[in-house]
There are 2 protein chains.
Amino acid sequence: MIRIVLAEDQKLLLGAIGALLDLDDDIEVVGRAGSGDEARELIESQSPDLVISDIEMPGMTGLELAEWLAQAQPGTRMLILTTFARPGYLRRALEAGVGGYLLKETPADKLADAVRRVHRGERVIAPELALTAFDARDPLTERERQVLRLAGEGISNAAIGRRLHLAEGTVRNYLSEAIGKLNADNRIEAFRIARDQGWL
Amino acid sequence: MIRIVLAEDQKLLLGAIGALLDLDDDIEVVGRAGSGDEARELIESQSPDLVISDIEMPGMTGLELAEWLAQAQPGTRMLILTTFARPGYLRRALEAGVGGYLLKETPADKLADAVRRVHRGERVIAPELALTAFDARDPLTERERQVLRLAGEGISNAAIGRRLHLAEGTVRNYLSEAIGKLNADNRIEAFRIARDQGWL
DNA sequence: AATACGGTATGACGATTGTCATGCGCCGGT
DNA sequence: ACCGGCGCATGACAATCGTCATACCGTATT
């Protein structure tokens with residue numbers, strides 16, 4: 001019997017895949033969490049064999065959860081289940097030692113199989129992603145990421161400077177460097193590129 | 001027996017809610033589509049009692065599907081199931097005469113109930129949205145929307161002008177008007193506001 | 001027919017953004 | 001101890017963006 005904790009903030013999907021997995025005789029869902037923080041508590045109390053988690057969730061993200069799990073319960077395996085085919089996400093997940101990384105695009109009938117394989121210690125990666133994994137590394141510095149995140153929300157350089165205690169010119173400079181590194185033409189493009197790579 | 005066609009591009013969710021609904025004795029899933037176009041074909045061949053559809057899908061969107069359905073098979077009811085709590089989406093859905101509008105945030109066990117109620121002719125709206133429905137109307141003109149969509153992708157005014165056969169100054173003007181109408185400070189904010197309202 | 005109005009279109013002008021040269025401090029290699 | 005490289009920080013200058021005044025054209029109202 002494979003004991004599983006699920007973490008997924010879309011309640012409908014949480015419930016639906018819970019029901020789906022429970023149909024299998026060798027799988028038992030012992031906890032359902034709507035956030036990363038909830039998931040951590042459930043993992044501590046239930047000590048499951050396997051955790052299935054989304055990435056983008058309120059509070060703790062699935063990637064943070066994976067990193068925490070590798071420290072706290074290295075024996076527990078993890079399967080990431082996300083909408084996003086972002087190379088940076090996959091890289092970070094693999095570096096945290098996850099056993100699997102699937103997209104919500106995957107047909108539902110493949111899920112139980114993936115669960116069993118990860119439980120056995122195999123590594124299961126969404127085929128669309130298997131190649132792109134070790135492409136580009138994030139070339140941005142922490143400052144550049146900070147500034148780019150704010151710029152992407154439509155905040156002006158002056159306001160970003162105030163928020164981060166930098167001169168306006170400095171903000172412009174970081175943005176300019178980020179734009180250059182990402183081969184973009186302006187802040188908006190740079191933001192989209194970095195976000196789509198999973199670097200923000 | 002309520003005969004249903006499902007349209008949802010996330011295969012995992014498509015399969016999972018399909019399985020969930022099939023557990024109920026009075027509900028039968030007679031078709032599963034991964035796109036709006038596929039859904040339309042299934043509706044034509046199956047003539048279901050009810051269609052459950054996502055909004056953002058490849059090809060035909062759920063809203064276009066709803067508008068088509070109201071013309072083509074006015075007797076068939078429709079339930080929208082989406083991630084997005086965007087007032088403009090809800091408004092357009094209601095104007096197309098849909099029977100329900102739920103979020104994927106909804107707990108899974110409420111779904112079958114909503115299906116039965118919509119089938120009976122009741123109207124089911126996600127409570128988070130019931131209020132916001134008749135708030136703001138889209139104040140943008142078609143030109144303003146076009147320009148804003150492109151600006152949101154990080155394309156420069158000059159390039160937008162070329163794309164739409166407008167002078168650069170004209171593009172700036174439309175953007176300026178959109179920014180003003182939406183009470184934004186710049187193109188990025190304007191884009192986000194319009195998108196989040198479901199106006200793009 | 002005259003008028004008002006809203007959408008389309010443009011260019012001038014000031015404001016904001018993007019680029020570049022420059023300097024500082026911290027580390028790792030020699 | 002010295003250098004080279006890198007991240008951090010800034011201001012001057014150029015390029016792009018945002019605002020405004022203006023104008024044309026349909027169409028709805030009077």
Engineer: Can you measure B:E168 atom CD to D:dG18 atom P for me and round it to whole angstrom units?
Structural biologist: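 In whole Å, D:dG18 P and B:E168 CD are 11 Å from each other.
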
Engineer: Tell me the interatomic distance from A:L182, atom CG, to C:dG18, atom C1', rounded to whole angstroms.
Structural biologist: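 So the CG-C1' distance, A:L182 to C:dG18, works out to 14 Å.
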
Engineer: If you compare every side-chain N and O of B:R172 against the phosphate oxygens of D:dT19 (OP1, OP2), does one of them come in below 4.0 Å?
Structural biologist: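 So the side chain of B:R172 is outside the cut-off, no N or O lying under 4.0 Å from OP1 or OP2 of D:dT19.
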
Engineer: Closer than 4.0 Å, any side-chain N/O of B:S176 to the OP1 or OP2 of D:dT19?
Structural biologist: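 Yes, B:S176 has a side-chain N/O under 4.0 Å of OP1/OP2 on D:dT19.
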
Engineer: Return the nearest nucleotide to the side chain of A:I179; candidates are C:dG18, D:dG18, D:dA21.
Structural biologist: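 The closest nucleotide is C:dG18.
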
Engineer: Specify the separation, in whole Å, of atom OH of A:Y174 and atom P of D:dG11.
Structural biologist: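 Going from A:Y174 (OH) to D:dG11 (P), I get 13 Å.
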
Engineer: Around atom NZ of B:K110, are there more than 12 heavy atoms of other residues, nucleotides or ligands at under 6.0 Å?
Structural biologist: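 Check fails, neighbour count at 12 or below.
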
Engineer: Quickly work out the B:E189 CD to D:dG18 P distance and round it to whole Å.
Structural biologist: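 Distance check: B:E189 CD to D:dG18 P gives 11 Å.
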
Engineer: In whole angstrom, what separates A:L148's CG from C:dG18's C1'?
Structural biologist: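 Rounding to the nearest Å, CG of A:L148 and C1' of C:dG18 are 14 Å apart.
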
Engineer: Would you kindly check whether a donor in the side chain of B:N186 faces an acceptor in the base of D:dC17, or vice versa, at under 3.5 angstrom?
Structural biologist: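 Side chain to base: no pair below 3.5 Å.
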
Engineer: For the pair B:R77 and B:D49, find out whether any cationic side-chain nitrogen is under 4.0 Å from an anionic carboxylate oxygen.
Structural biologist: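 Judged by the 4.0 Å cut-off on N to carboxylate O distance, B:R77 and B:D49 do not form a salt bridge.
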
Engineer: If I take atom CG in residue B:L175 and atom C1' in nucleotide C:dT16, what distance separates them, rounded to the nearest angstrom?
Structural biologist: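 After rounding, the reported distance stands at 14 Å.
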
Engineer: Determine, for A:R187 against A:E153, whether the closest basic-nitrogen to carboxylate-oxygen distance falls under 4.0 angstrom.
Structural biologist: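 Salt bridge absent between A:R187 and A:E153.
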
Engineer: Check the distance between C:dT8's C1' and B:Q146's CD and give it to me in whole angstrom.
Structural biologist: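 One finds 12 Å between C1' of C:dT8 and CD of B:Q146, rounded.
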
Engineer: Closest approach to the side chain of B:A167, judged atom by atom: which nucleotide of C:dT8, D:dC17, C:dG11 is it?
Structural biologist: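 Nearest to the side-chain atoms of B:A167, counting from C-beta on, is C:dG11.
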
Engineer: When you check the gap from the basic side-chain N to the acidic O, do A:E177 and A:R172 get nearer than 4.0 Å?
Structural biologist: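 Answer for the salt bridge query: no.
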
Engineer: Please determine whether a side-chain nitrogen of the Lys or Arg among A:R145 and A:E142 lies less than 4.0 Å from a carboxylate oxygen of the Asp or Glu.
Structural biologist: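 Counted as a salt bridge, because a side-chain N and a carboxylate O are separated by less than 4.0 Å.
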
Engineer: Provide, to the nearest angstrom, the distance between the CG atom belonging to B:L166 and the C1' atom belonging to D:dC17.
Structural biologist: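 Nearest whole value for this atom pair: 16 Å.
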
Engineer: Are any of A:T141's side-chain N or O atoms less than 4.0 Å away from OP1 or OP2 of D:dC6?
Structural biologist: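 No.
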
Engineer: Looking at the side chain of A:R187, which of D:dT10, C:dT8, C:dG18 is the nearest nucleotide?
Structural biologist: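 The answer is C:dG18, which lies nearest to the side chain.
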
Engineer: Are B:T170 and C:dT10 close enough that a side-chain N or O sits under 4.0 Å from OP1 or OP2?
Structural biologist: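 It does, given that an N or O in the side chain of B:T170 lies less than 4.0 Å from OP1 or OP2 of C:dT10.
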
Engineer: Examine the base of D:dC20 for any acceptor or donor lying under 3.5 Å from a partner atom in the side chain of B:N173, and report the outcome as yes or no.
Structural biologist: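 In this structure, the two groups form a donor-acceptor pair.
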
Engineer: Determine: side-chain N/O of B:N157 to OP1/OP2 of D:dC17, distance under 4.0 Å, yes or no.
Structural biologist: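 True: B:N157 side-chain N/O within range (under 4.0 Å) of D:dC17 OP1/OP2.
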
